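Bear in mind that the values here come from a model prediction, so they are computed numbers and not experimental data.
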Amino acid sequence: MKGTKSVISDENKRLCVWLKRQRQEKGHTMRSLSEILGTPHSFIGKVENQERRLDVIEYVRYCQALDVDPKEGLKQVLSA
């Protein structure tokens, strides 16, 4: 990963795909999730399109808003 930004890494891609799938399975739109998080809906779009990374605290809050276990998402990062 030398010289590679994590926002475009394979690991980040797997995490973003997982987060988007969780959002959809929970029946949330980008707007409904952004309302729970107190962020603009564009924040959700940027995360899901890998234009923005989540820091650890944001990731945990994102998972809490979706009512999913953050450890499950980390498994996506560590797989492969």
### Query
For Lys20 and Glu25, what are the C-alpha separation, side-chain angles and deciding distance, and is it a salt bridge (charged side-chain N to carboxylate O under 4.0 Å, His left out)?
CA-CA 9 Å; Lys20 182 176 182 177; Glu25 287 178 3; over 6 Å; no
### Task
With side-chain contact (heavy atoms from CB on, under 4.5 Å) as the test, would you mind laying out the steps for Leu19 and Leu54 before giving the verdict?
CA-CA 11 Å; Leu19 286 169; Leu54 295 172; 3.9 Å; yes
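Looking at Arg14, its side chain does come within 3.5 Å of a backbone N or O of Val77 through a donor-acceptor pair. No donor-acceptor pair closer than 3.5 Å links the side chain of Asn49 to the backbone N or O of Glu51.
Inter-residue side-chain proximity for Arg21 and Lys26 is flagged as unmet; no heavy-atom pair is nearer than 4.5 Å. Counting heavy atoms from C-beta outward, Phe43 and Ser34 have side chains that stay 4.5 Å or more apart. Inter-residue side-chain proximity for Leu66 and His28 is flagged as met; some heavy-atom pair is nearer than 4.5 Å. Contact check for Leu74 versus Leu15: no side-chain heavy atoms found under the 4.5 Å cut-off. The shortest side-chain heavy-atom distance between Glu72 and Trp18 falls under the 4.5 Å cut-off. Residues Thr29 and Ser32 meet the side-chain proximity criterion, which asks for heavy atoms closer than 4.5 Å.
The OH atom of Tyr62 sits 10.5 Å away from atom CD of Gln22, with the distance rounded to the nearest 0.5 Å. Glu48 contributes atom CD, which lies 8.0 Å from atom SG of Cys16 (distance to the nearest 0.5 angstrom). If you take CD on Glu35 and CD1 on Ile44, they are separated by 10.5 Å, rounding to the nearest 0.5 Å. Taken from CG in Leu33 to CD in Gln24, the straight-line distance is 11.5 Å, to the nearest 0.5 Å. Atom CE of Met30 is separated from atom OG1 of Thr39 by 11.5 Å, given to the nearest 0.5 angstrom.
Between Glu58 and Arg61 there is no salt bridge, since no side-chain N of the basic residue sits under 4.0 Å from a carboxylate O of the acidic one.
Every residue was checked against the salt bridge (charged side-chain N to carboxylate O under 4.0 Å, His left out) condition with Lys46, not counting sequence neighbours, and none meets it.
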